[in-house]
Novice: 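Okay, handing you the structure first.
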Amino acid sequence: METENECGGSFPTDAKHLELTFPEGQTRTLRTIERPLRADPEDPLWVQRSHLVKMEIGKSSASCKVSLVTRLHRTSVLQEFWCASYEEAAVYQNLAAHPNVLNFKEQFTRVDFVKPDGSPSYTKVDAHVLLANDDEVLVSVKYDEKAKRASYLAEVADIAAQCSPEIAERFVVLSRYHFHPVWRDCARTVHHARRGWDPEADRIVLDVASDLSETFTMAQLVETSKLQGRGWRAAVRLIGDGDLWKHPLDRFDENLICRRAA
């Protein structure tokens, strides 16, 4: 992922971004993807099932290959995403860990287009993503070799050129290898921490952080919270949600330097 220079954006810098341009003076008036539901404190482990049924999972298979269940924020419901491949599941997990990604849906948005031979066609985009700035992004997930193949990128560019900007601001082609190895490792850590539910620990650790110096280590934060493992998992959730900050390419460990988000 990008920092302020290399990992701070919503998607990797080396991913192929295809801007969907509005006619002059026009702006997108519709929001396709809404924020995720908040979890019910009385039943925080309830899972919002995927909107898909097995026969809709994708062209390559009539059944779900991987079911990813994760939270996109510590306060939101657990959501199930059906994935036609491990590649999709890995990309979704990495997107879910980014604090600028509010929500996404898999195989949700249909884009109609005309092939070079003039015949009409359509595609179901792998993921439709809602960002914190209200931008919406269409994501095509492919294994690494195909995600970088010039002929495939040209095919997607042709589809993107015919896609209405009422649907999204841009089209991105991703594989899991567009994400830095350290980012992928941290995303797994955030995923596992968010699977839990401990709003009391989250509140205590956030309060403790406000009383520490401008920067502090994970060890200092957890020790001051007196919550041990609960404090560690809460700190990971708070970093994943953007309430605390770490450099995106620093791994989670005791010496990790953190600070309160601006």
Side-chain angles (χ1 to χ4, degrees), residues 2 9-34 50-68 80-96 101 103-131 133-179:
E2 310 161 15
S10 301
F11 295 98
T13 52
D14 59 346
K16 182 65 174 177
H17 291 247
L18 301 163
E19 300 294 331
L20 307 181
T21 306
F22 288 96
E24 186 175 355
Q26 180 182 343
T27 58
R28 182 164 53 84
T29 58
L30 302 175
R31 174 185 280 178
T32 307
I33 307 298
E34 299 295 334
S50 170
H51 69 95
L52 293 171
V53 296
K54 288 186 178 181
M55 292 305 293
E56 292 179 346
I57 195 64
K59 294 182 294 183
S60 60
S61 175
S63 62
C64 172
K65 294 295 185 184
V66 182
S67 175
L68 173 69
E80 178 189 48
F81 300 95
W82 278 9
C83 314
S85 65
Y86 174 77
E87 195 72 41
E88 284 187 14
V91 168
Y92 295 167
Q93 182 171 285
N94 281 285
L95 290 176
V101 173
N103 201 7
F104 61 89
K105 288 188 179 294
E106 77 283 29
Q107 297 278 331
F108 181 74
T109 300
R110 169 174 166 153
V111 176
D112 295 295
F113 63 96
V114 177
K115 293 181 178 180
D117 64 7
S119 60
S121 188
Y122 73 91
T123 183
K124 280 286 191 74
V125 181
D126 293 315
H128 190 142
V129 182
L130 172 66
L131 302 181
N133 66 358
D134 280 340
D135 279 2
E136 296 186 29
V137 183
L138 304 180
V139 177
S140 175
V141 178
K142 289 293 178 282
Y143 59 90
D144 194 48
E145 179 186 353
K146 187 168 184 179
K148 296 176 180 178
R149 188 182 299 163
S151 60
Y152 179 69
L153 293 175
E155 179 184 336
V156 174
D158 184 56
I159 296 171
Q162 301 178 59
C163 179
S164 168
E166 283 288 335
I167 297 176
E169 272 70 25
R170 63 188 185 275
F171 215 125
V172 182
V173 179
L174 290 178
S175 80
R176 67 182 181 274
Y177 295 110
H178 281 100
F179 299 88

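None of these values were measured; they are calculated from a predicted model.
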Novice: ring-ring contact (aromatic ring centres under 6.0 Å, His included) for Phe104 and Phe81? Distances and angles first, verdict last.
Specialist: CA-CA 9 Å; Phe104 61 89; Phe81 300 95; 4.4 Å; yes
Novice: First locate atom OG1 of Thr109, then atom NZ of Lys124, and finally report the distance between them rounded to the nearest 0.5 Å.
Specialist: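 Between Thr109 OG1 and Lys124 NZ, I get 8.5 Å after rounding to 0.5 Å.
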Novice: Within this structure, what is the OH-NZ distance for the pair Tyr152 and Lys142, rounded to the nearest 0.5 Å?
Specialist: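 Tyr152 atom OH to Lys142 atom NZ measures 3.5 Å (nearest 0.5 Å).
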Novice: Please report the shortest heavy-atom distance between Ile33 and His128, naming the atom on each side.
Specialist: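 Between these two residues, the closest heavy atoms are CG1-CD2, 3.4 Å.
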Novice: Name all residues meeting the side chain to side chain contact (heavy atoms under 4.5 Å, CB included) criterion together with Ser85; count only those two or more places apart in sequence or in a different chain, and write none if there are none.
Specialist: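 Scan of Ser85 (side chain to side chain contact (heavy atoms under 4.5 Å, CB included), adjacent residues dropped) gives Glu87, Glu88.
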Novice: Excluding sequence neighbours, so at least two apart, what forms salt bridge (Lys or Arg N to Asp or Glu O under 4.0 Å) with Asp144?
Specialist: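 Asp144 satisfies salt bridge (Lys or Arg N to Asp or Glu O under 4.0 Å) with Lys148 once adjacent residues are dropped.
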Novice: Please test Arg176 against Tyr86 for side-chain contact (heavy atoms from CB on, under 4.5 Å), starting from the C-alpha separation and ending with a verdict.
Specialist: CA-CA 10 Å; Arg176 67 182 181 274; Tyr86 174 77; 3.9 Å; yes
Novice: Does the side chain of Asp135 come within less than 4.5 Å of Arg170's, by heavy atoms?
Specialist: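 Heavy-atom side-chain distance check passes, below 4.5 Å.
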Novice: Scan side-chain atoms only and decide if Asp126 and Gln107 contain a donor-acceptor pair under the 3.5 Å cut-off.
Specialist: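 Result is yes, a qualifying pair exists.
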Novice: Name all residues meeting the side chain to side chain contact (heavy atoms under 4.5 Å, CB included) criterion together with Phe113; count only those two or more places apart in sequence or in a different chain, and write none if there are none.
Specialist: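 For Phe113, the residues satisfying side chain to side chain contact (heavy atoms under 4.5 Å, CB included) (neighbours in sequence not counted) are Lys115, Ser121, Thr123, Ile159, Gln162.
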Novice: So do Val172 and Leu138 actually touch side chain to side chain, heavy atoms under 4.5 Å?
Specialist: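 With C-beta onward as the side chain, the pair stays apart.
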Novice: Do Phe179 and Leu95 have side chains that approach each other closer than 4.5 Å (heavy atoms only, starting at C-beta)?
Specialist: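 Yes; the side chains approach each other to less than 4.5 Å.
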Novice: Using the side chain to side chain contact (heavy atoms under 4.5 Å, CB included) criterion, which residues pair with Ser151? Sequence neighbours excluded.
Specialist: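 Ser151 satisfies side chain to side chain contact (heavy atoms under 4.5 Å, CB included) with Arg149 only.
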Novice: Applying salt bridge (Lys or Arg N to Asp or Glu O under 4.0 Å), name anything that partners Lys105, two or more places apart in sequence or on another chain.
Specialist: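 Lys105 satisfies salt bridge (Lys or Arg N to Asp or Glu O under 4.0 Å) with no other residue.
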Novice: What I'd like to find out is whether the side chain of Phe171 reaches to under 4.5 Å of the side chain of Val139, using heavy atoms alone.
Specialist: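 Of all side-chain heavy-atom pairs linking Val139 with Phe171, none is under 4.5 Å.
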Novice: Restricting to non-hydrogen atoms, name the atom on Glu34 and the atom on Asn103 that form the minimum distance, rounded to 0.1 Å.
Specialist: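 In terms of heavy atoms, the two residues are closest at O-ND2, 2.7 Å.
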Novice: Asn94 side chain to Ala90 main-chain N or O, any donor-acceptor pair under 3.5 Å?
Specialist: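 Side chain of Asn94 to backbone of Ala90: a pair is present.
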Novice: Under the criterion side-chain contact (heavy atoms from CB on, under 4.5 Å), I'd like the reasoning laid out for Val125 against Ile167: C-alpha separation, chi angles, the key distance, then a yes or no.
Specialist: CA-CA 11 Å; Val125 181; Ile167 297 176; over 6 Å; no
Novice: Indicate the atoms forming the closest heavy-atom contact of Glu106 with Leu52, along with that distance.
Specialist: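 That closest heavy-atom pairing would be CG-CD1, 3.5 Å.
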Novice: Are the side chain of Asp112 and the backbone N or O of Tyr122 linked by a donor-acceptor pair below 3.5 Å?
Specialist: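 No; judged by distance alone, with no hydrogens or angles, the pair does not exist.
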Novice: Do Glu169 side-chain atoms and Val137 backbone N/O form a donor-acceptor pair below 3.5 Å?
Specialist: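 It does not hold such a pair.
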Novice: Tell me yes or no: between the side chains of Ser50 and Glu80, is some donor less than 3.5 Å from an acceptor?
Specialist: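 There is no such pair (donor and acceptor under 3.5 Å, judged by atom type) between the side chains of Ser50 and Glu80.
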Novice: Which heavy atom of Val66 sits nearest a heavy atom of Ala89, and at what distance?
Specialist: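 In terms of heavy atoms, the two residues are closest at CG1-CB, 3.7 Å.
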